[in-house]
Each structure stands twice: as C-alpha cells, then as structure tokens.
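Data block below; observations after.
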Number of protein chains: 2
Amino acid sequence: MVNKTALKILTDKGLRVTPQRIAVLDILLNFDNHPSIEFITEYLRINFPRISDSTVYNILNTFVKNGIINRVKTENGIIRFDPVTDKHHHLYSIDSEQIEDFFDAELDKLLSEYFLKKQFPNFKIEEIRVQIKGIFNPA
Amino acid sequence: MVNKTALKILTDKGLRVTPQRIAVLDILLNFDNHPSIEFITEYLRINFPRISDSTVYNILNTFVKNGIINRVKTENGIIRFDPVTDKHHHLYSIDSEQIEDFFDAELDKLLSEYFLKKQFPNFKIEEIRVQIKGIFNPA
DNA sequence: ATAATTGCAAAAGCTTTGCATGGCC
DNA sequence: GGCCATGCAAAGCTTTTGCAATTAT
C-alpha cells in the first residue's frame with residue numbers, strides 16, 4: 001500500500017501528515033524518474049488543482065531537510081529529486097532527461113580500496129559519487 | 001604572457017577579441033578556483049567599472065558554447081566555471097566553496113576496465129566522472 | 001563598411017517570504 | 001486550542017532578451 005508507506009515515512013520523521021505531503025511523497029515514490037518540481041506540480045494538480053507553487057517548494061524543502069529525499073543536480077541546472085537516500089550513483093542520459101539510479105557494491109569497494117592506497121595529502125574523503133553519462137537504449 | 005594566451009584562445013576559436021573577453025578569460029585562467037559569475041563580475045569591475053551583468057553572462061555563454069570553459073555544478077546550485085576542458089574529476093569541499101581539479105589516468109583506466117567488463121544492457125557509456133567530496137586541510 | 005559586442009533597461013524564470021485562512025495534532 | 005501547513009500575492013534572485021550605441025574585423 002503506497003499511502004501507508006508515505007504516511008509511515010512522514011510519521012516516523014515526526015512530520016505533520018497533510019494530503020498534499022502524502023501526494024508529493026507518493027509521486028516521488030512511484031515515479032522512479034527523479035522528477036523535477038515542474039513534473040511534480042503538474043501531476044499534483046490533477047488531484048489538487050488549487051495547490052500552490054510555494055506549497056510544493058515548502059514540502060520539497062521540508063523533505064530534503066528531513067532526509068527523506070535528495071536533490072539531484074542536472075546538466076541543464078534543473079533540480080530534480082531522488083527519494084532514494086542511500087548512497088548510490090547515477091546514469092545520466094546525454095540526449096534526454098532520463099536519470100537512473102545505479103547501485104554497485106563492487107564498484108564502491110573498488111573505489112574505496114583505490115583511494116585508500118592513493119591518499120590525498122590535504123584532503124579527507126567523505127563520499128565518492130560516480131556520474132556516468134551516456135545513451136539509453138542506443139540504436 | 002597571460003594576455004597572449006587569452007588572445008590566442010580567442011583568435012584560435014575565431015572569436016572577436018574584446019577587452020572584456022580578454023579580461024574574463026584572464027580571470028578564468030589565473031584563478032584556479034572555478035570562479036562563480038559573482039566572483040568574476042566583482043573582479044572585472046576593478047578594471048571595467050561599467051561592465052554590465054548581461055555582458056558577463058554573454059561572454060561566459062559564448063565561452064561555454066565554444067568549448068573554452070565548462071560549467072561546474074555545485075551542491076548549492078551556484079554555477080561555476082572551469083577553464084580546463086580536458087576530462088577530469090573534481091574534489092568538492094563539504095564545508096567550504098573550494099573545488100579542485102583532479103586528474104588521474106590510473107583511476108580512469110581502472111574505471112574504463114571495470115565498465116568494459118560490467119556492461120549495461122541498455123546504456124552506452126560516453127563519459128565517467130567521479131565526484132569526490134570531503135574536507136580540505138583537515139585538522 | 002558591416003557585422004558583432006557592449007551596456008542599459010526591461011522581462012522572464014525560479015524560489016522564497018509574509019500573512020491570513022484553514023487544517024492537523 | 002494552539003500551532004503548523006496551505007494558498008495567494010508579492011518580493012528577491014538569477015539569467016535572458018531587446019535595442020541603440022559602440023567597437024572589431
């Protein structure tokens with residue numbers, strides 16, 4: 001049950017449960033396309049025609065602050081949102097807006113071992129993310 | 001001679017040489033701090049008090065279009081610029097605005113070998129970039 | 001000479017803020 | 001009931017656009 005999940009996430013974080021928040025979280029959880037604010041707002045207005053832009057911004061900011069979602073920066077500067085807050089990498093499409101999550105424990109191991117050997121003199125590594133750009137479903 | 005370098009870059013690209021363009025390029029070449037538009041504009045106004053914001057935007061957009069510089073996206077959404085257009089990775093500071101270039105042929109080899117083995121079914125890789133976040137000069 | 005760039009002003013986006021109303025706990 | 005979230009309007013930023021004057025080739 002999706003609503004249950006959204007509801008649980010909100011209550012677990014001690015956040016007030018409003019229909020708008022549930023709707024936003026449902027969208028984030030059900031579309032694994034890292035939606036933009038524009039996408040989220042358009043979709044929301046199907047069921048909440050009077051929802052305001054500032055409410056959507058407020059909700060998303062609240063979610064980010066509470067670690068429910070992350071911002072994903074894209075090449076064109078449009079911010080998108082990722083409900084998967086576990087550490088992972090991303091596949092970016094060069095010729096479309098598609099973004100896919102990419103989990104790879106083997107890669108993570110490879111990288112952490114590499115950077116353990118190859119220490120930086122004046123830099124303490126906290127996190128390594130790989131951005132892989134390419135073409136989905138190539139001809 | 002720095003101006004000569006900036007001048008050469010412009011003429012090589014077939015771009016008109018203006019004092020403003022040389023000044024912007026000089027800043028980009030001399031500060032290896034991946035400056036923001038704000039930084040660039042402030043610095044420019046020391047010598048060009050009347051340069052307008054739109055000119056700076058126009059110049060930077062022209063440079064990006066011509067492959068002289070790249071945009072670098074940061075965590076807080078501020079766009080910054082990188083005069084090094086060779087493929088490389090970045091070290092990002094978690095607690096400051098510092099960004100450093102990071103060239104590592106060994107890492108590139110490691111990654112390309114790894115992804116040669118581990119092919120994606122529906123994705124053709126064009127470019128791999130590693131974002132390394134951490135702390136410069138830790139205590 | 002002529003075509004492009006500059007500077008200024010205005011417009012266009014995107015995001016935040018202020019505040020009264022309404023809804024959640 | 002008290003406090004927080006919502007919706008609306010307005011303000012704040014950043015970036016782009018239009019255009020006359022200036023400058024580079």
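What's counted below: heavy atoms across the whole structure, side chains too, no hydrogens, waters or symmetry copies. All chains are named by letter (A, B, ...) in the order of the sequence lines, taking the proteins before the strands, and each is independently numbered beginning at 1.
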With sequence neighbours excluded, tell me which residues meet salt bridge (Lys or Arg N to Asp or Glu O under 4.0 Å) with [X].
X	answer
A:Arg21	none
A:Glu42	none
B:Lys124	B:Glu126
B:Asp53	B:Arg45

Whichever of A:Leu15 and B:Ile78 has its nearest DNA chain D nucleotide further upstream toward 5' =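 Checking each residue's closest nucleotide, the 5'-ward one belongs to A:Leu15.
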inquiry  = Please compare B:Asn58 and B:Thr11 by the position of their nearest nucleotide in DNA chain D and report the one closer to 5'.
reply    = B:Asn58
Tell me: [atom1] of [X] to [atom2] of [N], nearest whole Å?
X	N	atom1	atom2	value
A:Lys65	C:dT16	NZ	C1'	11 Å
B:Phe81	D:dT14	CZ	P	13 Å
A:Asn66	D:dC4	CG	P	14 Å
B:Leu60	C:dT6	CG	P	11 Å
A:Ile22	C:dC24	CD1	C1'	12 Å
A:Ile59	C:dT15	CD1	C1'	15 Å
B:Arg21	C:dG7	CZ	C1'	14 Å
B:Asn61	C:dT6	CG	P	12 Å

If you link ILVMFWY side chains whenever their heavy atoms are less than 4.5 Å apart, which other residues fall into the same cluster as [X]? By chain and number, please.
X	answer
B:Val84	B:Phe103
A:Leu116	none
B:Val72	B:Tyr92, B:Ile99

Near-strand residues of residues 46-57 of chain B, defined as heavy-atom separation under 4.0 angstrom from DNA chain C = B:Arg50, B:Ile51, B:Ser52, B:Ser54, B:Thr55
task = Return each pair, listed once, that meets salt bridge (charged side-chain N to carboxylate O under 4.0 Å, His left out) where at least one residue sits in residues 82-91 of chain A; pairs must be two or more places apart or across chains.
result =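 Residue pairs passing salt bridge (charged side-chain N to carboxylate O under 4.0 Å, His left out), neighbours aside: none found.
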message = Could you check whether B:Glu113 pairs with B:Lys117 (Lys NZ or Arg NE/NH1/NH2 to Asp/Glu carboxylate O, under 4.0 Å)?
response = no
Any residue meeting ring pair (Phe, Tyr, Trp, His ring centres under 6.0 Å) with A:Tyr43, in chain and number order, not counting sequence neighbours = A:Phe31
request  = Would you mind telling me which of A:Asn70, A:Thr74, A:Asp101 makes a side-chain hydrogen bond (donor to acceptor under 3.5 Å, both in side chains) with A:His34?
outcome  = A:Asp101
message = Using five pairs at each end of the helix from C:dA1-D:dT25 to C:dC25-D:dG1 to define an axis, what is the angle between those two axes, to 10°?
response =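 The angle, to the nearest 10 degrees, is 40°.
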message = Does a side-chain N or O of A:Gln20 approach OP1 or OP2 of D:dG7 to a distance below 4.0 Å, or not?
response =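 So the side-chain polar atoms of A:Gln20 do come within 4.0 Å of the phosphate oxygens OP1 or OP2 of D:dG7, strictly under.
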Expected rows: protein N/O vs nucleotides 21-24 of chain D N/O, under 3.5 Å:
from	atom 1	to	atom 2	distance (Å)
D:dA24	O3'	B:Val17	O	3.3
D:dA24	N3	B:Arg16	NH1	3.4

